[in-house]
Each structure stands twice: as structure tokens, then as C-alpha cells.
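Numbering of ligands and ligand atoms starts at 1, following listing order.
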Amino acid sequence: MNKHPAAMNYSDEEGSESEGLTPPFQTPKGMHDILPPDHEYHTYLKKIVRHRCRQAGFKRITTPILEYTEVFKRTIGEVTDIVSKEMYTFEDRKGRSLTLKPEGTASICRAYIQHGMQNLPQPVEFFYIEPHFRYERPQAGRYRQFWQFGFEVMGESDPALDAQAILLAYRIYGDLGIGDTLKLQINNIGDLNSRKIYTEALRDYYFGKERYLSEEDKQRLQKNPLRILDSKHEDTIILNQSAPKFKDFISKESQEFHDEVLEYLTDLGIPYEENETLVRGLDYYNQTVFEFWDGKKGAQNSVGGGGRYDGLMEILGGPATPAIGFAMGLERVIAQMKRNKVRVPSKDDLHVFVAQLGRQAKKTCLPLINELRDRGVKTMGALGKGAIKNQLKIADRFKVPYCVLIGLTEVREGTAIIRNMIKGSQKTVKMSEVVEEMVKAIGKNNLDFYDPKDPVNE
Ligand code: ATP
Ligand code: MG
């Protein structure tokens, strides 16, 4: 069965009844359900990300799940892996070509231009948390629908902004408990002109070596030689090591820009490795590019990456707008957290299970359940089917620390039984005291209480 690791734990816990049988329908190839155990990680990640982004003045943006195909074709580049073979592209009923978004930056730039954001105070800073789609060969850490958190800083160019972008990503990884396990790779891929000259040098270097290249890399060499540096083919990776280096071709300005970024990183105490073959999988980058690697060998060791894309807005018909962005794959971050035994606080665990017997008891329970929840006690109400003993067995499977039991006697006497499921002890209290007793037992700090602030009416 095509099961995600989290799903395996989940159905194991539940004691799956359909063991051995393959259900007729499965998730589409390369896609997975996010089940509650993994959602605990997603929830935690979102909390960290929102917090860090807010501190840095970023606002959240959400663009549609798809765009006109041209938006991606033009910006990401025709000969990139994404555009040449990974896009989910289809026609709508009027024959317009649409594509599920494979990444976030192009759509956000489209939005920046569409809404005239160059008139806002610059830089405009956005973050997003969204699913993306790439038709890739599924393997560990590589899915066809995956989640990314990312951010963009648009409208200003300065090495200090590059350092700030890296700092934000670095701090988030740190908060998630995996900062020390990642290696920051950084490179400067120069401006358009130096890239042109460098491209020629790469072509010359590969002249006569074509026979060692895969069909894919031959294509790259022909259409966009820079892409060869991003190859995942082993022979090419080896050849790339002796290829001419960007460093020797980038302009003096780019070199200075790069040195300044590195200087700021050092000042901030962020360790980095200069990586001269790092080019990133998209065409729109220039100057600074960076990735965070998890340190293990393999084709999917990038836990996140970003770079400067000063020319992208113009490609989309907008005003010249320098910008820098970053994105990380949530599935890979979560996998890295699990590998490093980082556990997240679970907020889903129930506090109380309310069991009852008889119609009258049910009537008494409903307002009680409502009030308990209102006070922040996470409460599950049984339907009162079967003997109290059976209901207690169910409560046990939900792993609740407390049960409130209301049977015929309790209804008559206006009382309830509070059972401590861990100690196995119980006591009878007045119905009117149940809520206070439970709030006290759970403890103020453990209550799931939130205070909806009044909306402001002016
Ligand atoms: P890779 O080299 O592994 O294919 P990429 O360079 O294509 O990665 P980016 O476009 O930089 O990836 O996307 C940013 C991040 O999104 C990656 O660092 C990775 O964590 C994640 N990511 C990319 N593609 C996938 C995928 N198919 N499944 C899961 N996560 C992904
Ligand atoms: Mg890729």
C-alpha cells in the first residue's frame, strides 16, 4: 500500500480493520494525506514562521493555486527542470493554458505588478505557506504536491537585505531545532553580462565532452549551458568540478556585493560554505544564491534555498524592481526534525471524556460539555451508547486523563463522578462544581483557552 510514514503510525494506533486489503482508491501518485501526527509539525512550523516573519515586518500573501502558464514559462525558464518536465499544465474550458504553481515567487511578482505595489513604501515584504505542485519522480523527500514556506523582499537592493533574508531563514531553522544540522551554501552568480561571458567559457569547456553527457545535459548545454551546473547526473557532477568557475568571470561590482554579504553573515555569526557550483534550479536568479543542505548525501538534500532575482519583474512586464526571496520545503524540514528527534508539543490531546447513561443524562451533559470547552478544557462527549463500562474503554483508547460519568443515580441526585484515568480513582461531586473541578485538575497553563479580541468598530 502507498502509505506515508505518518499514516502508518496512525492506522497502527487505530488498529486498522482493513489490514491486508488494498482499498480501491489511493492518493494520486506522489501525493500524500497530511494526517494528524504530521499536522502537529505543520501547526508548529506555521507558528514559528508567522512569529519570525511578523517580527521582521513581513505580511502574509496567498495567490491562486494556479496561474496562466506563461507566468511560469517566462520567469522560471524554458530549459529548467520545472518548465521542461515538471509542470501540471492543462487547458480550461475556453482553451486557456493554466498551470498549478510549481513555486511561489513568479506568482507573487505577478501580484506585485498587478496591484501596483511599486507605489507602496519599499521594500514590500511578503511570506506565504502553501502547497506547490511538480510532476517529479516520487521518492523520499520528493513529492508531487508539497508544502513550502517562503518569503520575498521586493523593491530594494543591498547586500544587507541578502544577509537579512538569510538571517530570517537561519533563525527559523534554529527555532525548529535543526539549525545546527544544516549547512548554508552560498554563491554569487553575477549579473547578466558576466553570465553571458561565463556561459561561453562553459560551452568551450564541454566542447568535445558531449559524449559523457546524458541526453538531458546535452540539451542543457545547447539551450542554456548554465543549467549543466545544476545537473543531478553523476558524470556531469564530476566534470563540473573541473569546469571554469564563476568566480573568475563575475564583475568587480558583483564580487564586492558578494564580499559584503559574506561580511555581514560573519558579523551575524552565521556559518556558511562558499559553493561555486551552486546555481539553483530556476533561471531568474542573479547575484546571491543560497541553499541550506541537510548534510547527508543524495539528490534531495536541500531543505530550502533562495536568491536574488533583480530582473524578474521586468520579464513579467513590470517596472525594474530588485528583489530577493527564499523558500523551504515543509516535508523535508519535518523529516529533518524527525531525524534529529525534535518533538513538537502536541496540542491535540483531549482532557476529558464525558460518558453518560440514559436520555436524561444526555440532556444534562450537553450544556456541561459546552461549558467545559468554553473554559479551555478539551472535551469529548460520548454518545452514551452502551454501558458506562464500555464507554470507559473507549475513553481509554482516546488516552484522556479524566472522565466525567453521569448515570441514572447521578442525574437523580444532581451529581457527577470524576474519574482519574491514570490513577484509577474517582470521586462524586455536585453537578454545579464539575467545571471548576476540571479546570483546577487540568491546570491553568494547560487549558486550550483563547480570547477572541473584540473587532474594532470605529
Ligand atoms: P531539488 O534540487 O531538491 O529538486 P529545487 O532546487 O528544485 O530542489 P526549490 O525550487 O529551490 O527546489 O524549492 C525550495 C525547496 O522546496 C527545496 O529546497 C525543497 O526543500 C523543497 N522542494 C522542492 N521540490 C520538492 C518536492 N518535489 N517535494 C518536496 N519538497 C520539495
Ligand atoms: Mg527540483
Side-chain angles (χ1 to χ4, degrees), residues 4-5 27-32 34 38 41-42 45 49 72 75-77 79-88 100-108 127-152 165-166 169-170 172-173 176 178 181-187 189 216 220 226-233 236-237 240 275 277-285 288-309 312 324-337 339:
H4 190 253
T27 43
K29 189 171 174 193
M31 301 192 182
H32 60 274
I34 304 175
D38 267 352
Y41 284 86
H42 278 259
L45 257 152
V49 154
F72 302 119
T75 54
I76 298 171
V79 249
T80 56
D81 281 356
I82 294 181
V83 172
S84 66
K85 57 184 188 197
E86 294 176 0
M87 295 208 303
Y88 278 91
L100 293 177
K101 58 183 169 190
E103 58 102 38
T105 304
S107 310
I108 292 174
F127 75 99
Y128 58 89
I129 306 170
E130 274 169 70
H132 293 85
F133 303 84
R134 294 184 195 175
Y135 195 88
E136 302 209 60
R137 197 167 68 77
Q139 45 185 298
R142 199 173 286 288
Y143 304 99
R144 289 184 174 174
Q145 177 178 339
F146 58 99
W147 284 75
Q148 275 185 345
F149 150 68
F151 61 78
E152 318 289 348
I166 293 170
Y170 179 76
I172 288 170
Y173 287 127
L176 294 171
I178 55 172
T181 72
L182 303 178
K183 288 205 176 93
L184 168 62
Q185 308 285 305
I186 188 165
N187 192 19
I189 57 172
E216 188 182 43
R220 286 170 158 169
L226 267 192
R227 299 249 49 79
I228 237 178
L229 297 180
D230 197 40
S231 172
K232 304 250 154 67
H233 294 277
T236 318
I237 292 175
N240 278 339
N275 180 339
T277 62
L278 188 73
V279 286
R280 312 271 298 126
L282 307 92
D283 271 359
Y284 53 60
Y285 287 112
T288 308
V289 291
F290 61 98
E291 280 188 4
F292 288 87
W293 288 3
D294 68 10
K296 78 179 168 50
K297 282 212 152 48
Q300 51 285 322
N301 58 358
S302 168
V303 184
R308 184 156 276 294
Y309 53 88
L312 180 51
I324 183 164
F326 166 80
M328 71 190 197
L330 300 199
E331 285 84 354
R332 289 192 201 174
V333 168
I334 292 169
Q336 181 72 356
M337 290 168 77
R339 263 197 296 279

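- Within the structure, salt bridge (charged side-chain N to carboxylate O under 4.0 Å, His left out) pairs that include any residue of residues 129-141 comprise Lys101-Glu130, Glu136-Arg142 (at least two apart or interchain).
- Classification of Arg339 and Asp294 as a salt-bridged pair holds, one side-chain N sitting under 4.0 Å from a carboxylate O.
- The backbone N or O of Glu86 lies less than 3.5 Å from no partner atom in the side chain of Asp81, so there is not a single donor-acceptor pair.
- Residue-ligand proximity, Gly141 to ligand 1, at heavy-atom distances under 4.0 Å covers atoms 28 (N), 29 (C), 30 (N).
- Ligand 1 places these atoms under 4.0 Å from at least one heavy atom of Val303: 18 (O), 20 (O).
- Within ligand 1, counting atoms from 1 as listed, the ones closer than 4.0 Å to a heavy atom of Gln148 are 13 (O), 14 (C), 15 (C), 16 (O).
- Ligand 1 does not have Glu103 within reach: every non-hydrogen atom of the residue lies 4.0 Å or more from it.
- Contact annotation: for Arg144 versus ligand 1, there are no heavy atoms closer than 4.0 Å.
- A tilted orientation is assigned to the rings of Phe146 and His132, their planes being inclined by 30° to 60°.
- For a threshold of 3.5 Å applied to N or O pairs, the pair formed by Glu291 and ligand 1 contains no separation below that value.
- Taking every non-hydrogen atom of Arg280 and a distance limit under 4.0 Å, the qualifying atoms of ligand 1 come out as 6 (O), 11 (O).
- Heavy atoms of Glu331 stay at 4.0 angstrom or farther from ligand 1.
- Residues Met328 and Ile172 meet the side-chain proximity criterion, which asks for heavy atoms closer than 4.5 Å.
- Of all the atoms in ligand 1, the ones that sit under 4.0 Å from a non-hydrogen atom of Glu136 are 24 (N), 25 (C), 26 (C), 27 (N).
- Inter-residue side-chain proximity for Ile82 and Phe72 is flagged as unmet; no heavy-atom pair is nearer than 4.5 Å.
- Of the candidates Gln145, Arg134, His132, Arg134 brings a heavy atom nearest to atom 7 (O) of ligand 1.
- Side-chain contact check for Phe149 versus Leu45: every heavy-atom pair is 4.5 Å or farther apart.
- More than 12 non-hydrogen atoms from other residues, nucleotides or ligands lie less than 6.0 angstrom from OH of Tyr88.
- Ranked by closest heavy atom to atom 31 (C) of ligand 1, the top entry among Tyr135, Tyr143, Phe146 is Phe146.
- Annotation: Gly304 places an N or O atom under 3.5 Å from an N or O atom of ligand 1; distance criterion only.
- Side-chain atoms of Trp147 and Ile34, non-hydrogen and from C-beta on, do get closer than 4.5 Å to each other.
- In summary, the atoms of ligand 1 found under 4.0 Å from a heavy atom of Lys232, numbered by their order in the structure, are 1 (P), 2 (O), 4 (O).
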